[in-house]
Amino acid sequence: MFDNDDKPWLEGLNPEQLRAVSSDARSLLVVAGAGTGKTKTLAARVARLIDDGVPPGRILLLTFTRRAAREMIRRAERMVAAGGTAIWGGTFHAVGHRLIRSFASRASTLGDFTIMDQADSADLIGLVRSELRLESTARRMPQKATLTSIYSAAVNAAEPLEELVPRRFPWCEADVASMSEIFRGYVARKRRHNLLDYDDLLLYWRALLDGHSGDAMRDMFDHILVDEYQDTNALQADILLGMRSSTDRLMVVGDDAQSIYSFRSADVRNILDFPDQHPGCEIVTLESNYRSVQPILDCSNGVIAQAKERHTKELRAVRSGTTRPSLLTCMDEAEQSQEVCRLVLEHLESGVALHDQAVLFRTGHHSALLEVELSRRNIPFVKFGGLRFVEAAHVKDVVCMLRILENPHDELAWFRTLQLLEGVGAASARRLMSELGVRVMGEPGPDDDPLGRFIAGEVKVPKQAMAEVGTLRLAFAECRRAADVASQLEGLTGFYEGPLERLYDSPLARRRDLEELAGLAAGYESRSSFLVDMVTDPPAATGELAGPPLLDEDYLILSTIHSAKGAEWDVVHLIHAADGMIPSDMATGDAQEIEEELRLLYVALTRARDYLYVYFPLRYHHRRMGLDDSHSYAQLSRFFAAPVLESFERRWTTAARLPEPDTVAGATASVDAFLSSLWP
DNA sequence: TAGTCCGAGTTTTTT
DNA sequence: ACTCGGACTA
């Protein structure tokens with residue numbers, strides 16, 4: 001019936017995948033279990049659409065990361081010659097930004113705006129908080145980062161503070177009143193300075209859909225495809241509804257068992273309620289797993305079977321293989337690191353490249369000790385997740401200087417940059433900004449060129465700061481003449497040498513980061529697109545790689561479980577399978593949180609193709625690398641209940657065999673005592 | 001007013 | 001082990 005030579009996208013699709021690829025239903029829900037060929041199906045569908053004559057520019061592909069979008073588009077383009085306009089692909093936030101830029105500026109409602117990342121939002125919230133002088137009241141306010149999370153959670157879940165805070169931030173319950181005041185101030189400040197935060201990218205998108213631009217926006221696309229639908233939130237579901245026209249087709253793909261972003265207000269109800277929200281919807285379920293061998297699936301199925309609420313799906317292995325996963329009990333974290341290195345190298349020797357192996361963990365700092373060990377043994381690695389490269393103070397400093405060049409009225413950027421100068425603190429920075437005429441955009445001022453005034457030296461600076469101000473003026477002046485971002489960065493880094501040495505320790509590592517930043521910038525034509533990408537699509541990985549030349553080399557993958565979503569490796573090492581680590585003791589408040597931790601474990605286990613190793617360190621030292629030997633015993637994660645344990649090959653290192661079984665059995669109390677001693 | 005020292009409180013995961 | 005703000009000194 002089909003000629004595969006004509007239609008290469010048909011190749012190797014199973015009947016369910018084929019249904020998803022060729023369906024013409026107006027609304028299509030694909031429930032795709034882990035490893036069931038979701039990416040392949042999405043890519044094949046895109047290829048099919050293009051082959052059917054849909055112009056690529058009229059296809060919108062919404063993914064969780066831009067990396068995922070690029071991968072899918074690449075695969076689709078391999079299957080079919082895609083000419084003409086490129087497919088619209090990216091995250092909700094990145095696409096929202098693009099749409100707002102073209103529609104809002106055209107309507108001149110917003111003019112030229114700057115996007116803030118989360119740290120910028122936190123700084124602004126901190127600024128508003130200190131200006132409101134709420135500290136004088138008896139209670140101390142939560143940290144600015146916490147306030148930012150609360151603000152964002154309220155926006156994304158569309159939930160009033162009075163309900164949200166007691167439920168998700170119970171320790172801040174007493175602060176709700178002052179919080180509302182701060183948030184009101186924050187919103188006003190954003191508006192006055194034409195700043196949009198991440199949440200605004202979604203809010204303005206939705207607002208534009210309700211306004212005059214709505215029809216034009218809806219008319220842009222014939223097909224919308226959404227990946228990782230289980231991790232979208234109420235606001236995003238709303239946007240999708242708003243984007244629908246009478247003729248378009250919408251396909252969403254997801255797996256409720258892999259919903260792990262409720263902290264970002266993702267709501268599994270989105271995928272569960274999709275059929276109701278989009279009447280006449282066709283549903284396709286993918287259950288054949290092409291990734292893992294059956295013993296790994298047995299163990300993953302056993303883990304997810306413990307979930308209370310779920311769509312029952314049983315993954316079936318297509319590939320053959322009988323190696324059971326290993327649960328390795330180690331003496332302590334140090335031994336765990338040793339064992340990971342040993343097994344990684346063992347697999348390397350038997351032909352599995354480093355980048356086909358990954359070490360997964362619950363939180364960014366869980367890999368700290370392992371990173372030391374890997375460096376010691378010269379095993380190159382790249383780390384995904386944890387603290388981001390662009391959020392490091394020194395990278396932010398340099399990016400802020402670029403932001404001033406882009407928008408000389410960027411209050412936050414000036415405030416940060418000026419304080420880099422020796423002898424200039426918050427007070428002088430404020431004074432300088434007002435002298436320079438950094439002001440609300442769009443309002444007429446005495447001079448529209450604060451940067452020009454700064455370069456011309458038209459402001460009084462403290463004596464101490466004279467030298468550095470001079471260098472900065474020169475650097476800015478050169479930047480104005482330089483054509484490309486890369487050379488602008490070079491000039492600014494020259495000025496930055498002084499502040500870097502003075503303000504931070506380990507300047508060597510930081511200088512390396514700045515070189516990496518320069519390398520990234522070299523790939524950009526314009527400064528503005530570079531700055532936008534730094535916010536909406538920042539580099540996901542940080543690594544111990546000295547520079548670009550080394551990128552060709554083989555390297556091991558380290559990743560938080562969250563960042564491992566959608567990926568797969570031949571060999572997966574999951575470390576810290578102790579209670580308090582997974583589930584994280586930060587997330588054992590209520591049953592729903594614990595259930596999400598369970599899904600998190602499920603996501604980790606289902607990343608493995610051939611070999612799966614789970615490591616459980618028995619003892620946790622109180623003071624890492626400390627001189628004393630005080631420690632307490634951990635308990636195996638509660639998710640490894642008896643039936644799950646049966647699917648593992650259990651092993652103990654020689655050292656781990658030593659403690660008496662009853663010591664281990666009674667360990668929970670001591671772990672809890674240790675952990676709670678950290679935050680009394 | 002910048003920079004330093006001290007004490008109190010602190011929640012992970014990411015766009 | 002970190003951040004943050006307040007008090008204090010130069």
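Just the heavy atoms: all of them, side chains too, but no hydrogens, waters or symmetry mates, feed the values below. Just so we're on the same page: letters track the sequence lines, and every chain starts at 1. The structure presented is a predicted model; accordingly, all values stated were derived computationally and were not measured.
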Ranking B/dT12, B/dT15, B/dT14 by distance to the side chain of A/Ser584, first place goes to B/dT12
Is the distance between the ring centroids of A/His562 and A/Phe361 under 6.0 Å? no
Using side chain to side chain contact (heavy atoms under 4.5 Å, CB included) as the criterion, list what pairs up with A/Ala266, not counting sequence neighbours. A/Asp231, A/Tyr261
Would you call A/Tyr261 stacked on B/dT13, i.e. ring centres under 5.5 Å apart with the planes less than 30° off parallel? no
If you compare every side-chain N and O of A/Arg129 against the phosphate oxygens of C/dG5 (OP1, OP2), does one of them come in below 4.0 Å? yes
Residue from A/Asp255, A/Asp256, A/Asn270 passing side chain to side chain contact (heavy atoms under 4.5 Å, CB included) with A/Tyr229: A/Asn270
Expressed in whole Å, how much space separates the P atoms belonging to B/dT13 and C/dC4? 16 Å
Taking only the side-chain heavy atoms of A/Gln143 (C-beta and beyond), determine which of B/dG3, B/dT14, C/dT3 contains the nearest atom. C/dT3
Whole angstrom is fine here: how far is it from NZ in A/Lys144 over to C1' in C/dG5? 11 Å
Mapping A/Ile260 and A/Gly425 onto DNA chain B by nearest heavy atom, which one lands closer to the 5' end? A/Gly425
Does A/Leu202 reach the side chain of A/Arg206, with side-chain heavy atoms less than 4.5 Å apart? no
Report the nucleotide, chosen from B/dT1, B/dG3, B/dT15, that has the shortest atom-to-atom distance to any side-chain atom of A/Ala427. B/dT1
Of the candidate nucleotides B/dT14, B/dG3, B/dT12, which contains the atom at the shortest distance from the side chain of A/Ser563? B/dT14
Here the distance between atom C1' of B/dG3 and atom CG of A/Leu421, to the nearest Å, is 15 Å
Would you indicate which nucleotide in B/dG3, B/dT1, B/dT11 comes nearest to any side-chain atom of A/Thr146? B/dT11
Considering only side-chain heavy atoms of A/Trp171, which listed nucleotide, B/dT11, C/dG5, B/dT13, is closest? B/dT11
Which residue lies toward the 5' end of DNA chain B, A/Ala426 or A/Thr536, if each is placed at its nearest nucleotide? A/Ala426
Return the value, rounded to whole Å, for the distance between atom CD of A/Gln464 and atom C1' of B/dG3. 9 Å
Rounded to the nearest Å, what distance is computed from the NZ atom of residue A/Lys565 to the P atom of nucleotide B/dT12? 20 Å
State whether A/Ser130 places a side-chain N or O below 4.0 Å from either non-bridging phosphate oxygen (OP1 or OP2) of C/dG5. no
Interatomic distance, A/Gln118 CD vs B/dT14 P [rounded to whole Å]: 10 Å
Is the distance between the ring centroids of A/His97 and A/Tyr198 less than 6.0 Å? no
May I have the distance from A/Asp117 (atom CG) to B/dT15 (atom C1'), rounded to whole angstrom? 10 Å
Using atom CD of A/Gln419 as one end and atom P of B/dT1 as the other, report the distance to the nearest whole Å. 13 Å
Atom CZ of A/Phe169 and atom P of B/dT13: how far apart are they, to the nearest Å? 14 Å
Nucleotide nearest A/His562 (side chain, heavy atoms from C-beta), chosen from B/dT14, B/dT12, B/dT15: B/dT14
Non-hydrogen side-chain atoms of A/Met179 and A/Ile182 separated by less than 4.5 Å: no
